[in-house]
Amino acid sequence: MSIEEFIEELTKLKIKPTEKELKDLERYCDLLIEYNKKFNLTAIKTKEDIYLKHFYDSLTLAKAVDLTKNIKVLDIGTGAGFPGLVLKIFYPNLEITLLDSNHKKIMFLEEVIKELDLKNIYCLNSRAENLKDTYREYFDIVTSRAVSHLRILSELSIPYLKVNGKLIAMKSSYEQEIMESTGILKKLDSKIKEIITFKLPIEESNRTLIVIEKEKETNQIYPRSYDKIVKSKF
Ligand code: SAM
């Protein structure tokens with residue numbers, strides 16, 4: 001996707017990028033390409049692919065939630081910053097926490113944040129199941145792209161949402177995962193509110209945003225240890 005195509009697609013998401021946002025994004029892209037040669041942060045390596053499959057794709061979260069509000073967002077398994085760091089560039093009003101268990105990815109994110117002088121954005125080098133003593137009932141939105149089965153992701157994220165907060169899982173396919181998540185969603189007092197499907201421009205691959213709302217405070221037994229989460233069946 002060229003920069004012109006990127007800008008055109010953003011207008012359909014009601015995003016009008018400023019010069020500064022585009023410049024910050026370009027610098028982020030350059031740093032990603034440079035660091036990727038040393039640290040293998042992402043399989044997507046060309047500028048055109050980065051703009052389409054990382055930058056544009058991250059911003060499609062705007063289809064599911066009003067990002068112009070002053071809300072707290074957690075991005076679980078952010079990798080090289082998708083979608084969380086891209087959201088921060090376009091929505092400086094958001095308080096964003098980027099979480100990843102991989103140290104080198106967090107080091108890269110800290111470098112980009114410093115270079116772009118972004119404020120009110122935090123990096124956590126930890127596993128999602130280990131946040132329970134610090135971030136319980138804290139975030140308005142938890143999002144995650146391409147991290148784990150919805151059944152596992154739900155338990156790793158819903159405990160950190162406020163009541164009425166939303167988990168927005170960014171996926172390609174979804175039917176099977178939703179079927180296998182009904183049991184745990186009930187236990188986590190949460191319901192699927194919306195499923196938004198669309199195609200990525202140009203390459204036309206399927207995308208889905210699964211929007212899950214938390215209705216009550218989460219039982220303190222969740223999240224369980226990762227082993228238990230994975231072993232317990234639907
Ligand atoms: N969200 C990014 C994207 O879409 O490009 C990265 C996706 S990558 C396939 C999955 C990432 O999740 C990896 O960087 C991995 O280190 C991280 N991850 C997996 N399980 C995790 C957990 N339990 N807690 C924190 N990070 C996790």
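Note that ligands are numbered from 1 as they come in the structure, with each ligand's atoms numbered from 1 the same way. Bear in mind that the values here come from a model prediction, so they are computed numbers and not experimental data.
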Below a 4.0 angstrom heavy-atom separation, can you tell me which part of S148, side chain or backbone, both or neither, approaches ligand 1?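 Neither; nothing of S148 gets under 4.0 Å from ligand 1.
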Please work out, at 4.0 Å between heavy atoms, whether the side chain, the backbone, both, or neither of D75 comes within that distance of ligand 1.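 Contact part for D75 vs ligand 1: neither.
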Enumerate the atoms of ligand 1 whose separation from the nearest heavy atom of A146 is less than 4.0 angstrom.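 Atoms satisfying the 4.0 Å criterion: 7 (C), 8 (S), 9 (C), 10 (C).
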How far apart are the closest heavy atoms of A80 and Y28, and which atoms are they?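 Heavy atoms of A80 and Y28 come nearest at O-OH, 2.5 Å.
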Distance to 0.1 Å, residue and atom name: give those for the protein heavy atom nearest to [atom].
atom                    : result
atom 16 (O) of ligand 1 : D100 OD1, 2.6 Å
atom 27 (C) of ligand 1 : S101 OG, 3.5 Å
atom 6 (C) of ligand 1  : G77 O, 3.3 Å
atom 20 (N) of ligand 1 : V147 CG1, 4.1 Å
atom 4 (O) of ligand 1  : R145 NE, 2.6 Å

Hey, looking at atom 23 (N) of ligand 1, which of E129, K105, H103 has the closest heavy atom?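 Considering heavy atoms of E129, K105, H103, the nearest to atom 23 (N) of ligand 1 sits in E129.
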Return yes if some donor-acceptor pair links the side-chain N/O of T143 with the main-chain N/O of I168 below 3.5 Å, else return no.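 At least one qualifying donor-acceptor pair exists.
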Does E203 CD have over 12 foreign heavy atoms under 6.0 Å away?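 Yes - once you tally the heavy atoms of other residues, nucleotides and ligands closer than 6.0 Å, there are more than 12.
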Is the shortest distance from a heavy atom of S126 to ligand 1 less than 4.0 Å?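 Distance cut 4.0 Å: S126 passes for ligand 1.
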